[in-house]
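Have a look at the structure below, then the notes.
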Amino acid sequence: MDLTPAILSAAGAALATPLLMALARRVKALRHEPDRRKPFAELAREYAGWELGSVPLSLLFVSLLCGAFWLALHAIYLRRIDALAPSLHTLALPPLTWVAPALFFAIFAAALPMHGTYRLLLGRRRYAEYTEYGNQKFRLDSARLFRYLANALLPVCLGMTLLAFDCYARVTDRALIVNAFAGVGETRHRLDSVTRIERIEPGGGGAYYVLHFADGAVFDFRRFPVAADLALQGRIARLAATASGVEIGDGSPGQGDG
């Protein structure tokens with residue numbers, strides 16, 4: 001499984017955060033109109049320490065909620081996999097898959113305990129001043145920005161999570177059955193229709209198998225996001241070779257068909 005796209009996406013999201021804040025300030029509806037009765041310098045003296053203290057507390061809430069969401073998402077997916085038709089081999093998404101959506105949901109969900117804790121500690125009036133301090137510092141209406149982001153991003157994350165729940169591959173004695181991440185329903189590839197089987201060994205290591213079918217379909221174990229070690233890939237490749245009468249070839253760069 002190639003994790004490069006996920007790593008690049010995470011890095012891109014981290015780098016895009018300052019840009020997102022800068023762009024948000026240009027949206028008139030998200031700009032904060034400062035309360036002139038509360039000068040920023042005065043608010044900073046009172047609440048800068050509270051802001052600093054919110055960092056470890058928010059990290060704690062996010063971590064706890066992320067763990068809870070991860071366990072829940074992984075359990076739901078395992079129930080989905082257990083409900084599939086019996087197969088010789090079932091290729092499921094690795095547990096690490098659910099860390100990203102769990103973290104995303106946790107970031108938004110952590111706002112609730114953070115809000116409740118700080119309001120309890122500061123009281124209603126001082127909590128309103130603390131919120132005003134943050135709004136003046138970032139020149140944004142934080143509550144409105146949070147609602148906008150939640151309404152825009154949570155449905156997307158939920159949709160992608162639902163698609164991931166339906167992503168797997170399974171092998172019977174006659175077919176490789178694939179339910180792709182962006183696909184709808186299962187696609188069946190007969191093992192006796194395999195035309196080429198490649199074992200590819202890149203220069204940097206990490207060998208993997210690729211199956212080619214008569215209808216032009218290709219199943220690349222490295223690119224399909226399921227957890228299948230090389231031993232399991234080899235068993236499936238040999239099963240396909242037996243069914244199709246095709247020998248396993250070397251598809252490494254500079255070798256054979258590669």
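- The heavy-atom pair separating Leu52 from Pro56 by the smallest distance is O-CD, 3.4 Å.
- His189 has its side chain out of reach of Phe219: every pair of non-hydrogen atoms, C-beta onward, lies at least 4.5 Å apart.
- Judged by distance alone, the side chain of Thr195 and the main-chain N or O of Ser193 form no donor-acceptor pair under 3.5 Å.
- Using a cut-off of 4.0 Å between Lys/Arg side-chain N and Asp/Glu carboxylate O, Glu186 and Arg188 are scored as not salt-bridged.
- Under a 3.5 Å cut-off, the side chain of Glu132 and the backbone N or O of Asp35 do form a donor-acceptor pair.
- Leu57 is listed as a side-chain neighbour of Tyr118, based on a closest heavy-atom distance under 4.5 Å.
- Listed here is the closest heavy atom pair of Val210 and Val218: CG1-CG1, 3.4 Å.
- Between the CZ atom in Phe165 and the OG1 atom in Thr97 there is a gap of 11.0 Å [rounded to 0.5 Å].
- Residues Glu46 and Tyr130 fail the side-chain proximity criterion, which asks for heavy atoms closer than 4.5 Å.
- Counting all heavy atoms, side chain and backbone alike, Leu103 lies closest to Val62 at CD1-CG1, 3.7 Å.
- Rounding to the nearest 0.5 angstrom, the gap separating the CZ atom in Arg144 from the CG atom in Asn135 is 10.0 Å.
- Linking ILVMFWY residues whenever their side-chain heavy atoms come closer than 4.5 Å, directly or via other members, leaves Leu145 and Tyr133 in distinct clusters.
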Practice task
Apply side chain to side chain contact (heavy atoms under 4.5 Å, CB included) to Leu122 and Trp50, showing your working.
Solution key: CA-CA 9 Å; Leu122 291 170; Trp50 286 93; 3.5 Å; yes
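- Separation of atoms NZ (Lys137) and OH (Tyr47) is listed at 15.0 Å; rounding is to 0.5 Å.
- Linking Ile, Leu, Val, Met, Phe, Trp and Tyr whenever their side-chain heavy atoms come within less than 4.5 Å leaves Leu163 and Leu96 in two separate clusters.
- Leu232 is not listed as a side-chain neighbour of Phe221, based on a closest heavy-atom distance of 4.5 Å or more.
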Handout entry: From CA spacing to verdict: side chain to side chain contact (heavy atoms under 4.5 Å, CB included), Glu247, Ile197
Key = CA-CA 7 Å; Glu247 294 185 358; Ile197 305 171; over 6 Å; no
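- Side-chain contact check for Tyr209 versus Leu230: some heavy-atom pair is nearer than 4.5 Å.
- In this structure, Leu176 CG and Arg190 CZ are separated by 13.5 Å, a value rounded to the nearest 0.5 Å.
- The shortest side-chain heavy-atom distance between His212 and Val246 does not fall under the 4.5 Å cut-off.
- Judged purely by atom type and a 3.5 angstrom limit, Ser87 has no side-chain atom pairing as donor or acceptor with the backbone of Thr90.
- The 12-atom threshold is exceeded at CE of Met114, counting heavy atoms of other residues, nucleotides or ligands nearer than 6.0 Å.
- No continuous path of ILVMFWY side-chain contacts below 4.5 Å connects Ile177 to Leu211, so the two sit in separate hydrophobic clusters.
- When all heavy atoms are compared, the tightest approach of Gly185 to Asn179 is O-OD1, 3.3 Å.
- Ion pairing between a basic and an acidic side chain is recognised when a charged N comes within 4.0 Å of a carboxylate O; Arg196 and Glu198 show such pairing.
- The nearest pair of heavy atoms linking Leu93 to Cys167 is CG-O, 3.8 Å.
- Side-chain contact between Asp141 and Arg31: absent, with no pair of heavy atoms (C-beta onward) separated by less than 4.5 Å.
- You'll find the ring centres of His32 and Phe138 outside the 6.0 Å limit.
- Remark: Asp192 does not engage Arg174 in a salt bridge, criterion side-chain N to carboxylate O under 4.0 Å.
- A salt bridge links Glu129 to Arg125: at least one charged side-chain nitrogen sits closer than 4.0 Å to a carboxylate oxygen.
- Atom-to-atom distance recorded for Gln136:CD and Thr131:OG1 is 11.5 Å, nearest 0.5 angstrom.
- Taking the side chain as every heavy atom from C-beta outward, Phe224 and Phe181 never approach each other to under 4.5 Å.
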Exercise for the section: Would you please test His115 and Tyr127 for ring-ring contact (aromatic ring centres under 6.0 Å, His included) and show each step? Expected result: CA-CA 9 Å; His115 170 80; Tyr127 183 71; 5.1 Å; yes
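- A continuous path of hydrophobic side-chain contacts links Leu71 to Ile81 [ILVMFWY only; heavy atoms under 4.5 Å].
- Hydrophobic cluster membership is shared by Leu73 and Leu162, with clusters built from Ile, Leu, Val, Met, Phe, Trp and Tyr side chains linked at under 4.5 angstrom.
- Residue Trp98 forms a ring-ring contact (aromatic ring centres under 6.0 Å, His included) with just one option from Trp70, Tyr77, Phe105, Phe104, and that option is Tyr77.
- Of all heavy-atom pairs between Leu191 and Val171, the closest is CD1-CG1, 4.5 Å.
- Residue Cys66 holds its SG atom at 11.5 Å from CG of Leu59, rounded to the nearest 0.5 Å.
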Practice task
Run the numbers on Arg223 and Tyr208 for side chain to side chain contact (heavy atoms under 4.5 Å, CB included), then give the verdict.
Solution key: CA-CA 10 Å; Arg223 297 191 179 280; Tyr208 61 95; over 6 Å; no
Practice task
Kindly determine whether Phe146 and Phe108 satisfy ring-ring contact (aromatic ring centres under 6.0 Å, His included), including the steps that lead there.
Solution key: CA-CA 8 Å; Phe146 181 83; Phe108 281 94; 5.6 Å; yes
